[in-house]
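Numbered from 1 within each chain, the chains take letters A, B, ... in sequence-line order. Everything numeric here is computed off the predicted structure, so don't read it as measured data.
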Amino acid sequence: MLALSDDLTVFGSAIVRGEAVSPLVDTVYPHYSVATAIDIYRNNYCGNLHDALASAYPVIYQLVGDDFFRFLARQFIAQYPSCSANLHHFGAELADFLTTFEPAQKLVYLADVAALEWACHRAYFADDAVMLDINKLAQIPPEQYSDLIMRIHPASQVVRSRYPINAIWHAHQSGENGDFHIELDSGTNIVLVSRIADVVQVNELEEDCAAWLHEIQAGRAMGVATDLTLERFPDFDLHAALLNLVRQNILIDFNPGVIT
Amino acid sequence: MGTPTTHILPCTAGIGLRAPHYREVLQGLPKLGWVEVHNENFFGGGAPLHTLLKVREHYPVSLHGVGMGLASTTPLANDHLIALHRLCDAVQPAAISEHLCWNAAARMVINDLLPFPYTAEALDHVARRVEQVQEKLGRQLLVENLSSYLTFAHSEMTEGEFLAELTRRTGCGILFDVENLYVNVRNLGVDADAFIKSIPAEAVKEYHLAGFDERDGCLVDTHSYPVSSEVWELFESVLRHIGPRPTLIEWDSDIPALPVLMAEAAKAKQRLEVCHACVE
């Protein structure tokens with residue numbers, strides 16, 4: 001066991017939990033006290049996490065305002081301390097946190113908006129994939145369609161909510177004038193997050209299309225996925241769904257083994 | 001498009017490239033000696049990596065890490081190493097660097113650059129980890145001296161002596177942050193001349209310059225201001241002793257317009273040229 005490990009634990013506990021740091025560190029400095037030094041580290045620690053959270057959740061930040069976000073971030077940091085050296089990983093649990101965060105319970109949609117924002121954050125950093133050439137799909141003989149296994153873009157995610165999170169998200173993007181009216185009880189919202197080139201896309205998705213995509217994501221062949229979807233949604237239009245999902249860069253490839 | 005010769009950092013001034021300037025740099029292609037970016041912003045690929053690869057077509061790129069935690073006492077994070085390896089493969093950087101600091105111990109992760117006691121035990125520990133990183137990446141790592149707000153009562157050597165021994169053992173290079181040294185001189189009473197003399201000049205591969213803030217008498221390494229006249233003076237002294245090296249202007253909060261950064265880089269470049277003339 002390293003003595004260094006004990007030293008770092010004592011120093012770290014002083015930063016994170018305000019525990020005593022003496023006699024580990026020198027106590028006299030020319031222009032300030034050791035308490036000032038620890039305070040600066042503590043501020044850096046909280047400040048870096050606060051900033052990471054604010055940059056991953058710009059809509060939540062706008063919805064609750066600077067002061068409340070600062071308060072919320074402090075509570076969140078205490079409950080879900082950082083566990084990755086990469087700050088872009090910090091904040092994954094904010095939606096969970098918000099569902100039980102008493103002071104924000106009046107904003108019933110907040111947790112779902114957070115889930116949507118985290119999906120966008122992940123989509124932004126997801127791996128690249130080349131967009132599917134729709135002509136490539138058109139060359140497949142129709143009788144082979146049902147055997148195709150589709151590949152999904154790593155950025156693709158679906159977020160569901162009882163609230164109109166798609167409209168809320170779009171109303172808070174830069175370029176919007178903030179003059180909007182949203183009916184909170186407008187029904188279930190299914191939102192598809194994707195990325196085309198460098199830009200994260202947020203769009204509403206029809207229930208039947210979402211059901212089909214769910215089966216595809218589970219790795220089912222296109223025929224099985226379509227049959228399962230048709231059982232629940234007899235009006236499901238496969239052709240329209242394919243076009244939509246290729247255009248949104250959700251379907252990026254299909255199992256080439258089937259073609260040869 | 002042919003990639004220019006960008007496998008080594010040119011001995012001129014560069015700037016830290018941050019998100020607010022990506023578009024302007026890619027559209028205008030201003031005359032920049034080289035750029036440096038923070039590794040973790042490009043882990044996982046995707047949209048950020050796209051942008052970086054476009055930048056890489058026009059400028060030498062240095063990859064600068066803030067999350068490896070070379071002195072942390074939790075095992076080197078494998079996913080972090082893999083992500084860095086992947087990034088190196090994609091970018092083929094002209095240099096790659098990390099800080100002499102820690103960010104994780106026991107079950108705590110503290111996303112900051114934290115100091116530790118400079119002991120023989122810590123030296124063994126850090127040297128092993130630097131070797132691990134260099135082995136994984138198959139290339140030299142530059143290790144940066146730290147700005148610090150406190151010192152440990154049982155340190156057995158100075159930071160300069162620690163770095164010198166680290167380069168001797170591992171073959172790593174030194175990224176000499178002149179502003180960090182200045183902050184330590186003012187905050188901790190570190191002897192600047194002794195620091196400069198303690199590190200092997202030939203191991204120094206890059207300089208950093210930045211601006212600091214002050215809080216309750218303590219200089220804080222915020223990278224939020226222009227380089228101060230005192231740091232320029234110290235830089236000139238460092239150049240006289242160690243010689244010219246690729247020099248970076250870092251600015252990470254309250255980031256100004258690109259021309260402001262470029263004007264700072266021009267000041268560094270001018271001093272490097274004076275120094276070049278002296279050497280020749």
Compute the ring centroids of B:Tyr149 and A:Tyr29, then answer whether they are less than 6.0 Å apart. no
Could you check which of [options] has the highest count of heavy-atom pairs closer than 4.5 Å to chain A?
| options | value |
| --- | --- |
| B:Arg107, B:His80, B:Arg186, B:Arg215 | B:Arg215 |
| B:Gly189, B:Ala106, B:Pro117 | B:Pro117 |
| B:Asp216, B:Asn41, B:Leu114, B:Asn187 | B:Asn187 |

What part of [X] gets closer than 4.5 Å to chain A, counting heavy atoms only: side chain, backbone, both or neither?
| X | answer |
| --- | --- |
| B:Ala77 | neither |
| B:Ser148 | both |
| B:Thr119 | neither |

Using non-hydrogen atoms and a 4.5 Å limit, figure out which bit of [X] sits close to chain B: side chain, backbone, both or neither.
| X | value |
| --- | --- |
| A:Pro81 | neither |
| A:Ala126 | backbone |
| A:Pro154 | neither |

Would a 4.5 Å heavy-atom cut-off, applied to side chains only, mark [X] and [Y] as touching?
| X | Y | result |
| --- | --- | --- |
| A:Val16 | B:Ile110 | yes |
| A:Leu24 | B:His154 | yes |
| A:Leu4 | B:Phe116 | yes |
| A:Phe11 | B:Trp102 | yes |
| A:Leu2 | B:Glu121 | yes |
| B:Val109 | A:Ser84 | no |

Is the number of heavy atoms from other residues, nucleotides or ligands under 6.0 Å of [X] [atom1] greater than 12?
| X | atom1 | answer |
| --- | --- | --- |
| A:Gln62 | CD | yes |
| A:Arg122 | CZ | no |
| A:Arg247 | CZ | no |
| A:His214 | NE2 | no |

Max heavy-atom pair count under 4.5 Å with chain B, selected residue of A:Thr36, A:Asp6, A:Asp7: A:Asp7
A:Val200, A:Val199, A:Asn86: which one forms the most heavy-atom pairs within less than 4.5 Å of chain B?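 The option with the most such pairs is A:Asn86.
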Hydrogens and angles aside, do A:Asp128 and B:His50 bring a side-chain donor and acceptor to less than 3.5 Å of each other? yes
Restricting to non-hydrogen atoms, name the atom on [X] and the atom on [Y] that form the minimum distance, rounded to 0.1 Å.
| X | Y | result |
| --- | --- | --- |
| B:Met108 | A:Arg17 | SD-NH2, 4.4 Å |
| A:Ile40 | B:Val220 | CD1-CG2, 3.8 Å |
| B:Asn103 | A:Ala85 | ND2-CB, 3.6 Å |
| A:Leu8 | B:Ala71 | CD1-O, 3.5 Å |
| B:Leu113 | A:Tyr41 | O-CE2, 4.4 Å |

Nearest-0.5 Å distance that lies between atom OH in B:Tyr22 and atom CG in A:Asp198: 11.0 Å
A:Ser33 OG to B:Leu150 CG distance, which is reported to the nearest 0.5 Å: 11.0 Å
Which residue pairs pass the side chain to side chain donor-acceptor pair (under 3.5 Å) test with at least one member in residues 42-59 of chain A, sequence neighbours excluded? A:Asn44-B:Asp112
